Amino acid sequence: MSKTLINTFSKKLLTWHAASGRSGLPWQGNRDPYAVWVSEIMLQQTQVATVLERYPRFMKRFPTVKKLAAADIDEVLAEWAGLGYYSRARNLHACAKQVMHDFSGKFPHDPLLLEQLKGIGRSTAGAIAAFAFHERAPILDANVKRILARLFAIEGAVQDKAVNDRLWKLAQDLLPNQPKDMPVYTQALMDFGATWCTARKPVCISADKKCPFAKDCQANLSNQVLALPQKTVKAKSPEFDCDMLLIRSGNFVLLQKRPSKAIWGGLWSLPESPWRPRSEKGHQTAHGSKELLAITLPGENIADLAKSIRGLKSGNRIKHVFTHRRLWMQIWEANASKALAFFSPNLKWVPLAQLGRYGLPQPIKILLQGLSLVRGDDLKN
DNA sequence: AAGTCGGGGGG
DNA sequence: CCCCCAGACTT
């Protein structure tokens, strides 16, 4: 039934791209596998507008896979701070080491080998192979899933295995025959999904532009475009409270390195209490230093720290929204002596002027800026 | 198959 | 307020 479209899709898409594709993005037209790889990782679940500012900075700081592999993970996380999903930065660093040690510093061409590297899944492997090496490997990101679900009127949630398998098969079958077309074709797919076949306002609805697939698209023909791909119901995100210590000593502030494999993993932040589920009936805030004595950090107890601090005062209360969690952070402020004994390597007095060298969670970075503890410039580099 | 990972853009 | 995004990894 869709045989015609299977055979004509890539050519039509390439024609569309020549007229209406995006251009001028900093990572486009670059066939350096390292540059391609960094852009693909940075763009995972992150919009182009955000990456636009951060990508050139990252490439300037770490121009080659060799330099990235040789860097300290804290430097990489500091450069990544604010982009979110910090496992991407940890995996990026680990992958750079893999490429240096297992592949003599050169990315493999085979998408199956690329997929074995840290942080590279099937879709990202396909993108790197197509952009950097002209391999006939498909991608299946959110754009492509949406395009294919509509073109072929595929019912069911895209995360369902059977549906996902079918989408991958289609993505493979639609590839252009000529390997030389792979970079532009892959870019065209992303461009078409991001700018024309969008989730909420595809051009076939607004009707000021003419979709080249209007007569091929099963969803369009059956007036189901906005219903595909099928959405799944998401649970409401749970809410939590926690306390954070903002302890200063002169021009120093006390930071805690967060455990990896958790939220804000590997970043430096303020010493933090365990999270408490937010109850319906209020009493969400810890009142007074009594409860603060019970503050523990993941994997360590800092009751001694809390006991040693005099004059804790409640400061800002910050609400922060994650993908599936909401967190209220109560800040407790005090001055203390730097002579306080800390035996944990996860606690560190940091000069305010050097905060920019540390990867801080975005709300903490904003907090410190808002309190004018540091000039904005100190946090930008 | 479902949960876990951030943060910002835009309706 | 909501949904969405050049996903991968863990359980």
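Just so we're on the same page: letters track the sequence lines, and every chain starts at 1. Remember, predicted model here, so these are calculated numbers, not experimental data.
In this structure, R122(A) forms a cation-pi arrangement with W168(A), its terminal cationic atom sitting closer than 6.0 Å to the ring centre and no more than 45° off the ring axis. Geometrically, K313(A) does not engage W332(A) in a cation-pi contact defined by less than 6.0 Å to the ring centre and at most 45° from the axis.
K236(A) places its NZ atom 12 Å from the P atom of dC3(C), with the value rounded to the nearest Å. If you measure from atom CD of Q28(A) to atom C1' of dA6(C), you get 12 Å, rounded to the nearest angstrom. The CG atom of L43(A) sits 14 Å away from the P atom of dC5(C) (whole-angstrom rounding). Across the protein-nucleic acid pair, Q159(A) atom CD and dT10(C) atom P stand 20 Å apart, rounded to whole Å. Whole-Å rounding puts the Y55(A) OH to dG7(B) P distance at 22 Å. R54(A) places its CZ atom 12 Å from the C1' atom of dG8(B), with the value rounded to the nearest Å. Distance NZ (K319(A)) to C1' (dG6(B)): 16 Å, rounded to an integer number of Å. In this structure, CD1 of I120(A) is placed 13 Å from C1' of dA6(C), rounded to the nearest angstrom.
Under 4.0 angstrom from either OP1 or OP2 of dT4(B) there lies no side-chain N or O belonging to Y85(A).
Side chain R22(A) to base dA6(C): a donor-acceptor pair is found below 3.5 Å. The base of dC3(C) sits with one of its N or O atoms less than 3.5 Å from a complementary donor or acceptor on the side chain of R200(A). Scanning atom types as modelled, one donor and one acceptor separated by under 3.5 angstrom connect the side chain of T323(A) and the base of dG6(B). Between the side chain of T46(A) and the base of dG6(B), a donor-acceptor pair under 3.5 Å is found.
Ranking dG7(C), dG10(B), dC5(B) by closeness to the I263(A) side chain, first place goes to dC5(B). Closest to the side chain of Q362(A), from the set dG7(B), dA6(C), dC9(C), is dG7(B). Side-chain atoms of H320(A) lie closest to dG7(B) of the nucleotides dA6(C), dA8(C), dG7(B). Checked against dA8(C), dC5(C), dG7(B), the side chain of Q44(A) finds its nearest nucleotide in dA8(C). When distances run from any side-chain atom of Q47(A) to the nucleotides dT4(B), dC5(C), dA8(C), the shortest one goes to dC5(C).
Note: F192(A) and F213(A) have perpendicular aromatic rings, judged against thresholds of 30 and 60 degrees for the angle between ring planes. Between Y185(A) and F9(A), the ring planes lie perpendicular to each other; the angle is over 60°, past the 30° to 60° tilted range. Using cut-offs of 30° and 60° on the angle between ring planes, the pair W37(A) and Y34(A) is tilted.
Nucleic acid contact for K161(A): sugar-phosphate only, since backbone atoms but no base atoms lie under 4.0 Å from a heavy atom of the residue. Within 4.0 Å of S87(A), counting heavy atoms only, lies no atom of the nucleic acid at all. Heavy atoms of R326(A) sit under 4.0 angstrom from primed sugar atoms or phosphate atoms, though from no base atom. Residue contacts for W27(A): at a heavy-atom cut-off of 4.0 Å it reaches a base atom on one of the strands shown. Across all strands, G82(A) comes closer than 4.0 Å only to sugar-phosphate atoms, never to a base (heavy-atom distances). Counting any heavy atom pair closer than 4.0 Å across all strands shown, H324(A) reaches a base atom.
Here, dG8(B) and dC9(C) have their C1' atoms 23 Å apart, quoted to the whole Å. Taking the C1' atoms as reference points, dG6(B) lies 12 Å from dC5(C), given to the whole Å.
Each of A199(A) and K145(A) has a nearest nucleotide on DNA chain C; the 5'-most of these lies closest to A199(A). Nearest-nucleotide assignment on DNA chain B puts the 5′-proximal partner with R325(A), out of R325(A) and A49(A). With DNA chain B read from its 5' end, the first of the two nearest nucleotides for E53(A) and R88(A) is the one closest to R88(A). Mapping F131(A) and K261(A) onto DNA chain C by nearest heavy atom places F131(A) at the nucleotide closer to the 5' end.
Taking 4.0 Å as the cut-off between side-chain N and carboxylate O, D216(A) and K12(A) count as a salt-bridged pair.
Between I247(A) and the choices L255(A), L312(A), V253(A), the side-chain contact (heavy atoms from CB on, under 4.5 Å) rule is met once, by L312(A).
With a cut-off of 3.5 Å on both Watson-Crick or G-U wobble distances, the partner of dG3(B) is given as dC9(C).
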